[in-house]
Amino acid sequence: MSAGKANCFICGDPIIYAQEAQEYTCEICGKTEMGHCACASGHYVCDACHRSEGVRMTIEYLTQCTSTNPIEMAMHMMDQNVIYPNGPEHHTLIGACFITAYANAEGSIDKAKALEEHRKRSMQVPGGTCGFWGTCGAAVSSGQAWSVISGSSPMATDAWGQCQQLTSNILGQLARYGGPRCCKRVGFIALQENVKFAKETTGVEMELPEKISCHWFGRNAECLREKCPFFPEGAVHPNDK
């Protein structure tokens with residue numbers, strides 16, 4: 001299972017977010033940089049350290065994976081202890097699962113090259129994007145994936161518009177549920193929209209589970225519970241017992 005709860009993985013204290021960027025030093029690599037969050041005890045972990053192993057294992061797994069179900073792939077990786085309940089590793093995971101499913105469903109792309117290009121782009125998207133940028137990393141990751149699939153660039157025409165439409169579709173769905181953060185909820189919604197969009201745009205058909213049921217909710221104190229479309233029917237959050 002994903003390691004720990006959505007808290008500091010140095011000490012387990014809750015993460016505290018600041019509106020204004022501050023200077024922090026990473027507890028793991030010692031790098032000093034500007035950031036927006038540390039735990040209640042002051043521990044800071046940079047994005048590079050937070051996602052390095054998760055991204056590496058995600059690309060290794062997806063390169064070999066033959067599934068055409070991006071949510072099935074995402075769930076498999078979310079069960080690994082290198083994918084934390086929330087974090088920037090999801091900014092690679094979501095788009096990479098989309099690319100893999102698309103390629104495996106006979107989409108006309110070189111999967112290995114597409115995954116590597118997406119990895120490079122996704123690593124530029126910081127943690128906390130959902131709250132500080134006015135867009136969500138799941139939508140950005142999906143847009144990056146489609147830009148790779150479609151060959152979009154700032155000078156493209158149809159592909160440029162398609163990327164904006166896809167991210168718009170995703171953000172519209174995310175806004176229906178509101179916050180706070182949950183990388184599982186936004187990831188599943190994004191992947192559902194990705195599959196729908198790809199079929200409508202290119203005719204490439206991928207698979208989706210008949211029902212998506214989250215089993216990570218106990219690791220997220222901010223879980224929306226019954227307001228989330230993926231909260232298991234009849235479940236009780238551990239914090240509510």
Give the cluster check for [X] versus [Y]: same hydrophobic cluster or not, with ILVMFWY residues linked at side-chain heavy-atom distances below 4.5 Å.
| X | Y | value |
| --- | --- | --- |
| V45 | I16 | no |
| I212 | I83 | yes |
| M78 | F231 | no |
| L208 | M77 | yes |
| Y102 | I94 | yes |

Taking the side chain as C-beta and beyond, is there a heavy-atom pair between [X] and [Y] under 4.5 Å?
| X | Y | value |
| --- | --- | --- |
| H91 | Q124 | no |
| C97 | L62 | yes |
| K184 | F230 | no |
| D79 | H215 | yes |
| R121 | S147 | yes |
| R51 | L93 | no |
| R119 | E116 | yes |
| T167 | T135 | no |

Answer yes or no: is there an ion pair linking K113 with E117, defined by an N-O contact shorter than 4.0 Å? no
Does [X] reach the main-chain N or O of [Y] with its side chain, forming a donor-acceptor pair under 3.5 Å?
| X | Y | answer |
| --- | --- | --- |
| N86 | C183 | yes |
| Q164 | W160 | yes |
| H237 | E222 | no |
| D47 | G127 | yes |
| N104 | S67 | yes |
| S41 | H43 | no |

Going from [atom1] on [X] to [atom2] on [Y], what distance comes out if it is rounded to the nearest 0.5 angstrom?
| X | Y | atom1 | atom2 | value |
| --- | --- | --- | --- | --- |
| S213 | E233 | OG | CD | 9.5 Å |
| F98 | M73 | CZ | CE | 11.0 Å |
| E33 | Q22 | CD | CD | 13.0 Å |
| Y44 | I15 | OH | CD1 | 11.0 Å |
| T201 | L166 | OG1 | CG | 8.0 Å |
| Y84 | H90 | OH | NE2 | 11.5 Å |

Name every donor-acceptor pair, under 3.5 Å, that has one atom in a side chain of residues 187-197 and the other anywhere in the protein, sequence neighbours excluded.
unit_1	atom_1	unit_2	atom_2	d
N194	OD1	S142	OG	3.3
N194	ND2	S142	OG	3.1
N194	ND2	A190	O	3.4

As a quick check of understanding, evaluate side-chain contact (heavy atoms from CB on, under 4.5 Å) for C136 and L171, giving each step before the final call. CA-CA 7 Å; C136 177; L171 290 171; 4.2 Å; yes
Derivation and outcome, side-chain contact (heavy atoms from CB on, under 4.5 Å), residues I28 and I10: CA-CA 9 Å; I28 296 177; I10 300 296; 4.3 Å; yes
With no hydrogens and no angle check, do the side chains of Q162 and S150 hold a donor and an acceptor under 3.5 Å apart?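 Judged by distance alone, the side chains do not pair up.
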Could you check whether N169 and Q165, counting side-chain N and O atoms only, form a donor-acceptor pair closer than 3.5 Å?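 Yes - a donor-acceptor pair under 3.5 Å links their side chains.
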Take C228 and C214 through the test side-chain contact (heavy atoms from CB on, under 4.5 Å) and record every step on the way to the result. CA-CA 10 Å; C228 174; C214 174; 5.9 Å; no
Indicate the atoms forming the closest heavy-atom contact of [X] with [Y], along with that distance.
| X | Y | value |
| --- | --- | --- |
| H50 | G87 | CE1-CA, 3.8 Å |
| L115 | A96 | CD2-O, 3.6 Å |
| H118 | T92 | CE1-O, 3.3 Å |
| R225 | N239 | NH2-CB, 3.8 Å |
| F217 | A235 | CZ-CB, 3.9 Å |
| C26 | C49 | SG-SG, 3.9 Å |

Other residues, nucleotides and ligands only: do more than 12 of their heavy atoms fall within 6.0 Å of CE on M34?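 Yes - once you tally the heavy atoms of other residues, nucleotides and ligands closer than 6.0 Å, there are more than 12.
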Inspect the surroundings of CG in D110 and state if more than 12 heavy atoms from other residues, nucleotides or ligands are less than 6.0 Å away. yes
Write out all pairs satisfying salt bridge (Lys or Arg N to Asp or Glu O under 4.0 Å) with one or both partners inside residues 81-107, taking only residues at least two apart or from two chains.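 Passing the test, one end in residues 81-107: no pairs.
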Evaluate the side-chain contact (heavy atoms from CB on, under 4.5 Å) criterion for residues C29 and C46: first the C-alpha distance (whole Å), next the side-chain angles of each, then the deciding distance (0.1 Å), finally the verdict. CA-CA 8 Å; C29 69; C46 72; 3.9 Å; yes
